[in-house]
Amino acid sequence: MKDYQVKQVYKSEEEIDIFNNGRILSKDEVGEYVNQFSIWADIEAPDIFCKDEYHVDDIATGSAGELFLPVFAQNPWYLCHEMSHVILDSWDHIENDHHGPNFCYLYLELIRWVLGKEIMKTFRTVFLRNEVKIGTGLV
């Protein structure tokens, strides 16, 4: 599947400034969020790898069974983004569309849960302004 709206999603994140918007979580806090998300999604919690030192080439990744978080990504925004990948990659009943409508719907739900309804609405508005397609719900 082509990841057709990844650029719009990343652009939206830059506008919200997820890189600097949120404190760095402790490894215990990251683990607690991951466990809560995993219970909610009814998936096995992924193995978590949190780097302690920054490297310019680091990227955050999430897939079924594994979550890699460089130092800068150990914040609530990145955690919601990467856990959306983990959850969709783990579910058999929903298409894993990378940064597509399913991903964006789930991402907004996790943002609402962690950062609140108002921040989720603001982010949704930015998504829509950047022509990001958002799913209508996951069953």
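Below, each value reflects all heavy atoms present in this structure, side chains not excepted, and no hydrogens, waters or symmetry copies.
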Check: What closest approach, in Å, do M120 and L108 show between heavy atoms, and which atom pair accounts for it?
Finding: CG-O, 3.2 Å
Check: In Å, rounded to the nearest 0.5 Å, how long is the span from OH of Y33 to CG of L110?
Finding: 11.0 Å
Notebook entry, point to check: Do I39 and I87 sit in the same hydrophobic cluster, where Ile, Leu, Val, Met, Phe, Trp and Tyr count as joined when their side-chain heavy atoms come under 4.5 Å apart?
Noted result: no
Margin query: Does any part of the side chain of F37, heavy atoms only, come nearer than 4.5 Å to the side chain of V86, both counted from C-beta?
Written below: no
Item checked: Check: S84 and E109 side chains under 4.5 Å, non-hydrogen atoms -> no
Check: According to a 4.5 Å side-chain heavy-atom criterion applied to Ile, Leu, Val, Met, Phe, Trp and Tyr, with indirect links allowed, do L115 and I24 form part of one hydrophobic cluster?
Finding: no
Checklist line | Flag side-chain contact, heavy atom, 4.5 Å: N102 against Y105 | finding: no
Check: Taking side chain as C-beta onward, heavy atoms only, is L79 less than 4.5 Å from V114?
Finding: no
Item checked: Passing option when N130 is tested against Q8, K11, Q5, K7 for side chain to side chain donor-acceptor pair (under 3.5 Å) -> K11
Check: Take atom CD in E44; do more than 12 heavy atoms of anything else shown fall under 6.0 Å from it?
Finding: no
Next item on the list: Kindly give the heavy-atom pair with the smallest separation between H85 and H98, and that separation in Å.
Entry: CE1-O, 3.4 Å
Next item on the list: May I ask you to decide if E13's main-chain N or O and W77's side chain share a donor-acceptor pair within less than 3.5 Å?
Entry: no
Notebook entry, point to check: Of the non-hydrogen atoms in P101 and Y4, which two are nearest, and what is the gap between them?
Noted result: CD-OH, 3.0 Å
Next item on the list: Could you tell me the separation between the CG atom of L67 and the SG atom of C50, rounded to the nearest 0.5 Å?
Entry: 7.0 Å
Next item on the list: Return the minimal non-hydrogen interatomic distance between A73 and Y78, and the atom names on each side.
Entry: O-CB, 3.1 Å
Checklist line | Closest non-hydrogen atom pair, N75 against R23 | finding: CB-O, 3.3 Å
Note to self: Tell me whether the rings of Y107 and H81 are parallel (<30°), tilted (30 to 60°) or perpendicular (>60°).
What the structure shows: perpendicular
Checklist line | Evaluation steps, side chain to side chain contact (heavy atoms under 4.5 Å, CB included), between L88 and L106 | finding: CA-CA 9 Å; L88 283 177; L106 181 57; 3.9 Å; yes
Checklist line | Aromatic plane relationship, W91 with W40 - under 30° parallel, 30 to 60° tilted, over 60° perpendicular | finding: tilted
Margin query: Is the shortest side-chain heavy-atom distance between V126 and V132 below 4.5 Å?
Written below: no
Checklist line | Step-by-step side chain to side chain contact (heavy atoms under 4.5 Å, CB included) determination, K27 to D52 | finding: CA-CA 10 Å; K27 287 181 178 58; D52 293 325; 2.3 Å; yes
Checklist line | Approximate separation, where rounding is to 0.5 Å, of I48 CD1 and E82 CD | finding: 12.5 Å
Next item on the list: Give the other cluster members for F49, using side-chain heavy-atom distances under 4.5 Å between Ile, Leu, Val, Met, Phe, Trp and Tyr residues; answer none if it is isolated.
Entry: F68
Check: What about I111 and L128, same hydrophobic cluster or not, with Ile/Leu/Val/Met/Phe/Trp/Tyr joined at side-chain heavy-atom distances under 4.5 Å?
Finding: yes
Show the atom names and distances, to 0.1 Å, of all donor-acceptor pairs under 3.5 Å that link a side chain in residues 55-65 to residues at least two apart or in another chain.
residue	atom	partner	partner atom	Å
H55	ND1	D57	N	3.0
D58	OD1	K51	NZ	3.1
D58	OD2	K51	NZ	3.3
D58	OD2	H55	N	3.1

Checklist line | Sidechain-backbone polar pair: D97 side chain, F103 backbone, donor-acceptor under 3.5 Å | finding: yes
Margin query: Could you work out, with side chain to side chain donor-acceptor pair (under 3.5 Å) as the rule, every residue matching R124, not counting sequence neighbours?
Written below: none
